[in-house]
Amino acid sequence: MFEKSTWIRLPRNVVVGHGVIDQVVDVVDELHLQGRPLFVTSPTPREVAADPIAAQFEAAGIDPVIVTVETASFDAVERIIETAEAEEVTYLVGIGGGKAIDIAKMASHHLEMGFCSVPTAASHDGIVSNRGSVPDGDTRHSVAAKPPLAVVADTSVLAQAPWELTTAGCADIISNYTAVMDWRLAKRLKDVEYSEYAAALSEMTAEILVGNADLVRPGIEESAWIVSKALMSSGVAMSIADSSRPASGAEHLFSHQLDRLEPDAALHGHQVGVGSIMTAYLHGGEDGIWRDIHDALDSIDAPTTAAELGIDDETVLEALTTCHEIRDRYTVLGDGMNERAAREVATVTGVIE
Ligand SMILES: NC(=O)C1=CN([C@@H]2O[C@H](COP(=O)(O)OP(=O)(O)OC[C@H]3O[C@@H](n4cnc5c(N)ncnc54)[C@H](OP(=O)(O)O)[C@@H]3O)[C@@H](O)[C@H]2O)C=CC1
Ligand SMILES: O=C(CO)COP(=O)(O)O
Ligand SMILES: [Zn+2]
């Protein structure tokens with residue numbers, strides 16, 4: 001008897017393009033969100049976007065509560081929940097990079113309230129996904145949450161963000177290649193839940209981005225357009241799978257372990273990009289796609305070495321040899337690499353000297 005069922009949650013409105021930040025009130029109205037919103041933002045995004053959006057709301061007779069968060073933490077999520085309850089707000093808007101958006105996403109999930117995402121940086125695919133990632137004890141990877149009801153991504157805002165945030169978003173997408181390889185491997189070896197649609201969408205997203213890599217250049221608004229569309233698509237793949245599997249394999253384990261060993265050393269996307277070079281080598285050896293991944297990252301100015309990440313070689317080796325332990329997710333790392341093998345892959349791929 002056929003007993004499968006699935007529940008795919010996706011954003012209802014995805015609004016991307018030049019000047020769309022002026023349409024946040026319309027987007028909220030179209031979703032029939034009523035009452036008072038709480039804006040979750042961080043210092044720079046507040047100046048760049050949250051204050052101008054608040055002025056729009058005020059002009060429409062709506063008085064938003066604004067909370068500025070400095071760091072991504074569970075305390076910050078708690079603070080938002082308390083403020084939302086005290087101020088009797090009815091929905092949340094996350095305005096900023098991953099920090100503000102994830103805090104809003106996690107708080108709205110807890111409050112069972114609607115939430116909209118207004119990214120000011122195209123830095124990773126969490127801006128649209130159904131996953132929330134806030135450091136909790138030793139945990140750095142994302143957990144299940146709900147996707148935003150709407151995403152409003154203004155390319156003129158994204159194009160003015162520091163260039164490295166955009167290259168980090170690109171690298172997060174390029175890493176989908178190895179994430180999907182790991183997912184297929186886990187399907188073959190461990191019979192894990194697998195979605196061919198989500199895997200194909202995730203791979204295709206990476207292919208389209210790499211195919212357009214020569215259009216991804218600093219100061220060009222079209223770059224923000226290309227990267228944000230890829231981030232949306234990757235987020236949708238995660239929502240279809242109801243898992244981060246299509247966009248997160250061993251290269252993400254490597255990055256999460258670096259975050260534990262050396263917090264804030266480098267951006268998420270940059271770390272997963274370097275991880276992806278090495279795990280592509282583990283999958284395909286010398287003739288595999290590791291060079292293509294390396295060259296794609298290089299062509300958009302993303303780091304390809306430990307030195308470019310600002311992380312020393314020994315930390316890279318420690319992360320490689322221990323990261324299989326941090327989550328129950330089978331990947332090409334299997335039950336772990338030994339130090340010699342880790343040194344070999346990191347050296348052959350030029351990640352360490
Ligand atoms: N949900 C998911 O699946 C994922 C979530 N994450 C999470 O996302 C977070 C990292 O995201 P990331 O976006 O890199 O971090 P932040 O939100 O901290 O943003 C990075 C930096 O960019 C600044 N910034 C943002 N927008 C602009 C802008 N338009 N102009 C100038 N500066 C800007 C921020 O300023 P300021 O310091 O003033 O805030 C901050 O210094 C982490 O908390 C991580 O756990 C990461 C990957 C996946
Ligand atoms: O960053 C992500 C996808 O790009 C989310 O992956 P994790 O579930 O490993 O945190
Ligand atoms: Zn990622």
Side-chain angles (χ1 to χ4, degrees), residues 21 40-50 68-74 76-77 94-106 109 117-136 139-148 153-176 178-180 182-183 202 205-206 224 230-231 234-235 237-239 241 243-257 259-260 263-264 266-273 275-276 323 326-327 329 331:
I21 202 164
V40 182
T41 188
S42 64
T44 319
R46 178 165 186 160
E47 274 175 46
V48 174
T68 306
V69 292
E70 303 271 343
T71 45
S73 65
F74 263 83
V77 176
I95 305 170
K99 184 170 56 187
I101 289 174
D102 272 20
I103 289 171
K105 195 188 281 180
M106 303 288 277
H109 187 56
S117 166
V118 183
T120 60
S123 49
H124 54 74
D125 50 18
I127 60 177
V128 68
S129 72
N130 59 341
R131 314 280 306 172
S133 180
V134 171
D136 180 24
T139 305
R140 294 290 178 279
H141 59 74
S142 68
V143 296
K146 294 212 179 64
D154 188 321
T155 47
S156 58
V157 172
L158 300 173
Q160 280 164 32
W163 176 236
E164 68 266 21
L165 294 173
T166 309
T167 66
C170 289
D172 202 20
I173 297 297
I174 291 169
S175 82
N176 287 9
T178 47
V180 172
D182 278 321
W183 198 13
S202 173
T205 304
L231 298 173
S234 191
M238 286 188 267
S239 288
S243 158
S244 59
R245 263 291 194 182
S248 169
E251 74 298 316
H252 271 68
L253 296 178
F254 169 72
S255 169
H256 299 323
Q257 194 67 321
D259 285 340
R260 289 164 76 185
D264 301 324
L267 292 166
H268 168 83
H270 290 166
Q271 293 179 171
V272 302
S276 196
C323 67
I326 67 176
R327 178 188 226 178
R329 176 165 289 191
T331 70

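All ligand and atom numbering here is 1-based and tracks the order in the structure. Just so we're clear, the structure is a prediction, and the values are computed from it rather than from any experiment.
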Hey, is the main chain of Ala145 close enough, under 3.5 Å, to the side chain of Asn130 for a donor-acceptor pair?
-> no
Quick one: does Ser117's side chain have a donor or acceptor within less than 3.5 Å of a partner on Pro148's backbone?
-> no
Taking the side chain from Lys99 and the backbone from Glu70, do they hold a donor-acceptor pair closer than 3.5 Å?
-> yes
The one among Gly98, Ser142, Ser129 that brings a heavy atom closest to atom 10 (O) of ligand 2 | Ser142
For Ser244, take its heavy atoms, then give the atoms of ligand 2 lying under 4.0 Å from any of them.
-> 5 (C), 6 (O), 7 (P), 8 (O)
Ser42: numbered ligand 1 atoms lying under 4.0 Å from its heavy atoms = 36 (P), 39 (O)
For ligand 2, which atoms have a heavy atom of Asp172 less than 4.0 angstrom away?
-> 4 (O)
For ligand 1, which atoms sit closer than 4.0 Å to a heavy atom of Ser123?
-> 12 (P), 13 (O), 14 (O)
If you count the atoms of ligand 2 from 1 in the order shown, which ones are under 4.0 Å from a heavy atom of Ala247?
-> 3 (C), 4 (O)
Looking only at N/O atoms, are His256 and ligand 2 under 3.5 Å apart anywhere?
-> yes
Atoms in ligand 2 flagged as close to His268, the criterion being non-hydrogen separation under 4.0 Å | 1 (O)
Do any heavy atoms of Arg327 fall under 4.0 Å from ligand 2?
-> yes
Thr167 (side chain) donor-acceptor with Glu164 (main chain) under 3.5 angstrom = yes
With a cut-off of 2.8 Å, does His268 place any N/O/S atom under that distance from the Zn ion (ligand 3)?
-> yes
Backbone N or O of Ile21 within a donor-acceptor pair of the Asp154 side chain at under 3.5 Å?
-> yes
Of all N, O or S atoms in His252, the one closest to the Zn ion (ligand 3) is NE2
Considering only heavy atoms of Ala72, which atoms of ligand 1 have at least one such atom less than 4.0 Å away?
-> 43 (O)
Establish whether atom 6 (N) of ligand 1 and some protein heavy atom are separated by less than 4.0 angstrom.
-> yes
Distance-only donor-acceptor check, side chains Arg329 and Ser244, under 3.5 Å = yes
With respect to the Zn ion (ligand 3), what is the nearest N, O or S atom of Asp172?
-> OD1
State whether the shortest distance between N or O atoms of Leu165 and N or O atoms of ligand 1 falls below 3.5 angstrom.
-> no
Should Ser142 be counted as touching ligand 1, given the test is an N or O pair under 3.5 Å?
-> no
Below 4.0 angstrom from a heavy atom of Asp102, which ligand 1 atoms are there? Numbered from 1 as shown, please.
-> 1 (N), 2 (C), 4 (C), 5 (C), 6 (N), 7 (C)
Going by distance only, is there an N or O of Asp125 that falls short of 3.5 Å from an N or O of ligand 1?
-> no
Name of the residue among Arg245, His268, His141 meeting side-chain hydrogen bond (donor to acceptor under 3.5 Å, both in side chains) with His252 | His268
Less than 3.5 Å between some nitrogen or oxygen of Arg131 and one of ligand 2, yes or no?
-> no
Say whether Ser234 and Asp172, considering side chains only, have a donor N or O and an acceptor N or O under 3.5 Å apart.
-> no
Option whose closest heavy atom lies nearest to atom 3 (C) of ligand 2, chosen from Leu231, Thr139, Asp125 | Asp125
Protein heavy-atom contact under 4.0 Å for atom 42 (C) of ligand 1?
-> no
If you take all heavy atoms of Asp125 and Ala247, which pair is closest and at what distance?
-> OD2-CB, 3.6 Å
Ligand-residue contact atoms, ligand 1 with Gly97, heavy atoms, under 4.0 Å | 13 (O), 17 (O)
Of the non-hydrogen atoms in Pro119 and Leu158, which two are nearest, and what is the gap between them?
-> O-CD2, 3.5 Å
Sidechain-backbone polar pair: Thr41 side chain, Ile95 backbone, donor-acceptor under 3.5 Å | yes
Counting from 1, what ligand 1 atoms have a heavy atom of Pro45 closer than 4.0 Å?
-> 25 (C), 26 (N), 35 (O), 38 (O), 39 (O)
Between His252 and ligand 2, is there a nitrogen or oxygen pair with a distance under 3.5 Å?
-> yes
Is the shortest N/O to N/O distance between Arg131 and ligand 1 below 3.5 Å?
-> yes
Do Ser133 and Lys105 get their side chains close enough for a donor-acceptor pair, meaning under 3.5 Å?
-> no
Atom of Val40, atom of Ile103 and distance for their closest heavy-atom approach = CG1-CG2, 4.1 Å
Residue pair Ser248 / Ala179: nearest heavy atoms and the distance that separates them = N-CB, 3.3 Å
Using heavy-atom distances, let me know which of Pro135, Ala161, Ala159, Pro162 sits nearest atom 32 (N) of ligand 1.
-> Pro162
Can you list the atoms of ligand 1 that are under 4.0 Å from a heavy atom of Pro43?
-> 38 (O), 39 (O)
Is the side chain of Ser73 donor-acceptor paired with the backbone N or O of Ala76 at a distance under 3.5 Å, no angle test?
-> yes
Quick one: does His268 get an N or O within less than 3.5 Å of an N or O on ligand 1?
-> no
Quick one: do the Ser255 and Gln271 side chains pair a donor with an acceptor below 3.5 Å?
-> yes
